[in-house]
Structures are given as structure tokens and as C-alpha cells.
There are 2 protein chains.
Amino acid sequence: MDETAPQKGTVTQRAIERIKGMIAEGRLEPGQRLPTERDLAAQLGMSRSSMREAIRALTVLGVLEARHGSGIYVTQLEAGDLLETFGVVADLSRGPRLVELLEVRRILESTATALAAARITPDQLAEVEKHLTAMNATDDPEEILAHDLAFHREIAMAAGNDTMAAILEGLSSRTFRARVWRGYQEEGAFARTRREHAAIHRALVAHDPEAARAAAAAHVGEVEQWLRSQLGE
Amino acid sequence: MDETAPQKGTVTQRAIERIKGMIAEGRLEPGQRLPTERDLAAQLGMSRSSMREAIRALTVLGVLEARHGSGIYVTQLEAGDLLETFGVVADLSRGPRLVELLEVRRILESTATALAAARITPDQLAEVEKHLTAMNATDDPEEILAHDLAFHREIAMAAGNDTMAAILEGLSSRTFRARVWRGYQEEGAFARTRREHAAIHRALVAHDPEAARAAAAAHVGEVEQWLRSQLGE
DNA sequence: CCCCCGGGGTGGTCGGACCAATACCGTCAT
DNA sequence: ATGACGGTATTGGTCCGACCACCCCGGGGG
């Protein structure tokens with residue numbers, strides 16, 4: 001008699017798929033407000049508890065955004081919103097998978113840097129230089145790390161591909177970098193890092209994509225090789 | 001008096017961070033079973049409802065796995081587990097972001113194919129050929145798409161980087177490909193696709209990384225350019 | 001010794017209640 | 001007429017208790 005119930009999986013899982021489907025079909029636009037939790041639960045014939053779990057899951061995925069006292073909204077569905085969870089991957093990966101992640105980062109970062117060399121504007125270049133000099137002007141590891149991240153972020157932005165920039169952002173999450181670098185920079189890698197950053201900067205100034213690609217690949221590759229050797233022990 | 005409560009964010013959000021932290025610190029190993037929902041809620045001083053939302057969120061992220069009647073377990077935390085959510089990004093992206101996703105895929109896929117050309121084993125090559133011939137032997141779009149996906153998946157596997165393979169898997173999610181290809185292959189792109197696949201295969205057989213990279217980049221680039229032109233209208 | 005089945009434990013769902021933050025709207029002073 | 005103020009309805013956040021569905025394990029019967 002009933003026609004709508006394939007009954008696959010849990011009720012909450014179904015709710016997640018339904019909401020995702022509504023967004024994919026365009027029935028829910030980015031930024032749009034959803035019905036209240038109570039109404040949504042009633043519409044899909046489930047309890048508010050189950051619906052809340054579905055909403056929470058989609059919130060963590062960066063698809064929805066819940067504003068206390070106001071309502072539930074679809075995010076702008078931009079690269080940054082959806083790829084924020086990528087940082088979780090980096091944070092929870094260990095051992096050989098860290099090397100794999102760095103390999104992916106090397107591939108993307110080198111290409112992004114090459115693209116940036118071709119497209120970067122004077123304003124963007126100034127921003128990059130700001131973080132480069134700030135990074136070289138201090139000895140506080142915390143501050144260095146912050147400017148290091150910003151340095152690469154600005155470059156990724158200049159490449160003109162927000163999705164790629166968001167992925168790289170996740171691959172360079174704060175805890176991830178801090179974890180890897182803790183041991184790395186104990187081996188006096190500071191000077192080498194500065195040289196590599198300077199090389200990347202030179203290539204950007206010269207608008208030389210191939211030089212930029214090589215410099216970025218070497219930069220990430222250094223860390224990658226060091227980590228690889230650490231695993232061998 | 002109280003020392004542990006920074007009170008940041010919602011209770012559920014705190015629970016998510018706590019559990020993530022326990023895994024990151026190694027206090028929870030992959031595959032290990034967690035305390036029951038009721039116990040966890042009691043330990044962190046919150047209601048079972050809030051704890052359930054946290055668990056559900058981590059389940060969707062591929063960090064935890066709930067087995068009805070048995071318990072909650074940490075997943076193996078392998079690339080496939082954690083990057084499954086990447087498919088959501090592909091499914092919900094539209095317009096210019098689709099082009100960006102294809103650009104990322106082109107970069108990764110070309111590199112993966114180049115690596116595969118250098119490393120692929122006879123067994124893996126046979127598997128690739130199986131899907132290649134099967135893809136050319138039918139006219140059913142559904143079947144073609146399935147073998148197309150498997151063709152690229154086998155190649156990504158042969159590249160030896162599970163993380164990269166998992167990302168590419170997400171970027172080629174079924175609904176994503178189906179959506180893009182719907183219009184694309186109406187323009188008689190079947191023959192061209194077959195030629196491109198054949199070129200990739202030849203490069204793999206010859207163990208020629210550079211040829212493989214070029215062939216894969218051209219293959220994805222074709223679709224990318226078509227999609228770019230579609231957006232212009 | 002093996003098979004079956006029953007009970008206890010566990011996740012899944014439900015309904016209701018209350019709290020906290022927000023938004024809306026009518027009131028009042030300017 | 002207009003803007004600041006405050007109260008109230010709305011809405012997400014949390015908690016509680018109950019029951020169901022499923023899995024696992026162990027005891028009893030073959």
C-alpha cells in the first residue's frame with residue numbers, strides 16, 4: 001500500500017539523504033532557510049531526535065548551518081564550507097598515510113604555485129611578501145608556523161582555484177603541520193626552509209611557472225623525504 | 001572551582017572534539033570498541049541524546065562505525081573510510097566549482113596515471129584491460145559508466161597511493177560523473193573517449209610515465225573544456 | 001560434542017519537557 | 001513620524017525516560 005518507503009538503512013540516514021537530495025535537485029538553494037526541526041521531522045514522518053542527528057551530521061559536513069534561535073540554513077556550499085572536514089583526515093592520519101598525504105600535497109602545491117606564478121597580481125604578491133618577511137623576522141615557532149601557513153595560503157589563493165586552495169588548506173591544518181614539524185625543525189631545517197621559501201618567492205616575482213613548480217615540489221618533497229626516512233626506523 | 005570546562009561551543013561539539021582528540025592521541029586505536037553511548041555520555045557529563053549526535057556526526061565522517069546491538073567502533077581510519085565524504089562535495093557542487101573540481105582531478109589523475117605506468121604489475125594491467133574491453137563491448141550507458149569508473153579506479157590503485165586513489169574516487173562519484181556526462185556524451189564523444197582510453201592503455205603497457213601523464217591529462221581536460229564552454233552560455 | 005534458543009546488553013527511535021538565544025512587534029518617548 | 005526599548009513568541013540546544021530491534025553469548029537439550 002505504502003509507496004514511498006524503501007526502508008533502507010536507519011531513519012536518520014534516510015533523512016540525511018533526503019536533505020542532500022533536496023539540495024542537489026536545487027529545491028534548496030544556498031543560503032536558504034529550512035523549515036524548523038519540528039516541521040522537518042513531521043514532514044518526513046520521524047521524531048525530532050532523529051531529525052536532529054541528521055541535521056547535526058550535515059552541519060559537521062559543512063552543508064547546513066544551525067543558528068540558535070533563528071533557524072537552519074543551507075551554507076553557501078563553497079569550497080571552504082564543504083572541504084573543512086578535510087582537515088579531519090589530516091589530523092587522524094598516521095604512519096604511511098602521512099607520507100601519502102604529503103605526496104598529494106606536493107602534487108597540488110607545486111601545480112598551484114606554478115599557476116600562481118603566472119597569474120599573481122601585485123597586491124597578492126605584496127601579501128605573500130608580508131608573511132615571508134614576518135616569518136623570517138621572528139624566532140617564535142608558533143608565529144613562524146602561522147606565517148608559513150599564511151604564506152602558502154596566499155599562494156594557493158592566487159592560483160585562482162578555490163577548491164584546490166581549500167584542499168591544500170586542509171592538508172596543511174594547524175595540528176597536522178605542528179605534528180610533522182615538531183621533529184623536523186629540530187634538525188636545523190629552519191635555514192633550509194627559508195631558502196626554499198625564498199626560491200618560491202623569486203619564481204613568483206619572475207612570473208616563472210616552471211621554476212615555481214620546481215621550487216614548491218622541492219619544498220614539500222624535503223619534508224616528505226624526511227618523514228619517509230623517519231618511518232623506516 | 002571547575003577546571004575542565006572551557007565551555008566553548010555546544011555540548012555536542014565538545015563531545016566531537018573530545019572523541020577526535022582521544023583518537024589523535026592514540027588512546028583509541030583503529031578497530032577498537034568504545035564504551036556504550038550511555039557510559040560515554042556519563043563520562044563526559046552530558047545526556048545520551050547529545051552524545052548520540054556527536055557519534056552520528058563522527059560516523060558520517062567515517063571516523064566511527066556503529067554496529068546495532070554490538071557497539072561503537074573506531075574505523076580502520078584508512079583513506080577510503082575518511083575520504084568517503086569527499087563524494088558529497090562533488091555531488092553538491094555546481095557551476096564554476098565543477099570546473100575547479102575537474103581541474104583538481106586532471107592534476108591528480110594525470111600524476112596517478114604516470115605513476116601507474118611506472119609501477120603497474122601484469123595482474124593489475126590485466127584488470128585494467130578487462131574493464132577497457134568490457135566498456136567497448138556494450139552500448140548500455142549505465143554499464144559503460146560503471147566500467148569507465150572501474151578503469152580509472154584500477155589505474156589509481158596501481159599508482160600505489162591509497163589516499164590519492166580515495167580522493168579520485170570521490171571526484172568521480174557516480175552521481176557526479178553521471179551528471180556531467182549526461183550532456184557531454186550526447187555530442188558523440190563516445191568515440192573520442194574510446195580513443196583516449198586506448199591511448200592511456202598504450203602508455204601503461206609501454207610503461208611510459210610521460211605518455212601516460214599526457215594522455216590522462218588530455219582525457220580529463222577534454223571534459224573540463226567542454227564543461228567550461230557550457231558555463232559560458 | 002554440537003546445535004538451538006533465550007536473555008541481557010547495545011544501538012536506534014520516539015515523545016515530551018525545559019532552557020537559551022534570537023527575531024519580531026507593539027509601545028513609548030522623542 | 002520615528003527611533004529606542006522591552007516583552008513575547010519562535011526556534012535551536014539539552015535533557016530525560018521509555019521502548020524497540022538487533023547482536024552476542026552462554027546454557028540447556030539433543
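In the text below, chain A, chain B and the rest are named by the order of the sequence lines, each starting its count at 1.
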Peer 1: Give the nucleotide from the list D:dC15, C:dG11, C:dG15 with an atom nearest to the side chain of B:Ser47.
Peer 2: D:dC15
Peer 1: Please tell me which of A:Tyr73 and B:Arg38 maps to the more 5' nucleotide of DNA chain C, matching each residue to the nucleotide holding its nearest heavy atom.
Peer 2: B:Arg38
Peer 1: Should B:Thr12 be listed as having a side-chain N or O under 4.0 Å from OP1 or OP2 of D:dG13?
Peer 2: no
Peer 1: Using heavy atoms to find the nearest nucleotide of DNA chain C for B:Pro35 and A:Met46 separately, return the residue whose nucleotide is more 5′.
Peer 2: B:Pro35
Peer 1: Quick test of your reading of the model: are A:Glu103 and A:Arg105 salt-bridged, counting only N-O distances below 4.0 Å?
Peer 2: no
Peer 1: Rounded to the nearest angstrom, tell me the gap between atom CD in A:Glu53 and atom C1' in D:dT14.
Peer 2: 14 Å
Peer 1: Regarding B:His219 and B:His152, is there a side-chain donor-to-acceptor distance under 3.5 Å anywhere?
Peer 2: yes
Peer 1: Of the candidate nucleotides D:dC15, D:dG13, C:dG11, which contains the atom at the shortest distance from the side chain of A:Glu37?
Peer 2: D:dG13
Peer 1: Which whole-number value in Å describes the distance from A:Arg52 CZ to C:dC18 C1'?
Peer 2: 14 Å
Peer 1: Send over the distance from B:Asp39 CG to C:dT10 P, rounded to a whole Å.
Peer 2: 7 Å
Peer 1: Which whole-number value in Å describes the distance from B:Gln13 CD to D:dG12 P?
Peer 2: 17 Å
Peer 1: Give one of base, sugar-phosphate or nothing for B:Ile55, where a contact means two heavy atoms less than 4.0 Å apart.
Peer 2: nothing
Peer 1: Using a cut-off of strictly less than 4.0 Å, decide whether A:Ser70 has a side-chain nitrogen or oxygen near OP1 or OP2 of C:dT22.
Peer 2: no
Peer 1: Please report, rounded to the nearest Å, how far the C1' atom of D:dT11 is from the CG atom of A:Leu34.
Peer 2: 13 Å
Peer 1: Students often get this wrong, so: under 4.0 angstrom with heavy atoms, is B:Ser49 touching a base, only sugar-phosphate, or nothing?
Peer 2: base
Peer 1: Measure from NE2 on A:His68 to P on D:dT14 and round the result to the nearest Å.
Peer 2: 8 Å
Peer 1: Within this structure, what is the CZ-to-P distance between B:Arg56 and C:dG11, rounded to whole angstrom?
Peer 2: 12 Å
Peer 1: Once you round it to whole Å, what is the distance between P of C:dG9 and CD1 of B:Ile72?
Peer 2: 17 Å
Peer 1: Under 3.5 Å, is there a donor-acceptor pair between the B:Gln124 and B:Thr121 side chains?
Peer 2: yes
Peer 1: Looking across every strand, which nucleic acid part, if any, lies under 4.0 Å from B:Arg67 by heavy atom: base, sugar-phosphate, or nothing?
Peer 2: sugar-phosphate
Peer 1: Using the side-chain hydrogen bond (donor to acceptor under 3.5 Å, both in side chains) rule, pick out the option among B:His197, B:Arg153, B:His147 that qualifies with B:His131.
Peer 2: B:His147
Peer 1: Between B:Arg33 and D:dC23, does any side-chain N or O lie under 4.0 Å from OP1 or OP2?
Peer 2: no
Peer 1: Salt bridge between B:Glu53 and B:Arg56, side-chain N to carboxylate O under 4.0 Å?
Peer 2: no
Peer 1: Side chain of B:Ser50 only, please: which of D:dT11, D:dT14, C:dG11 is the nearest?
Peer 2: D:dT14
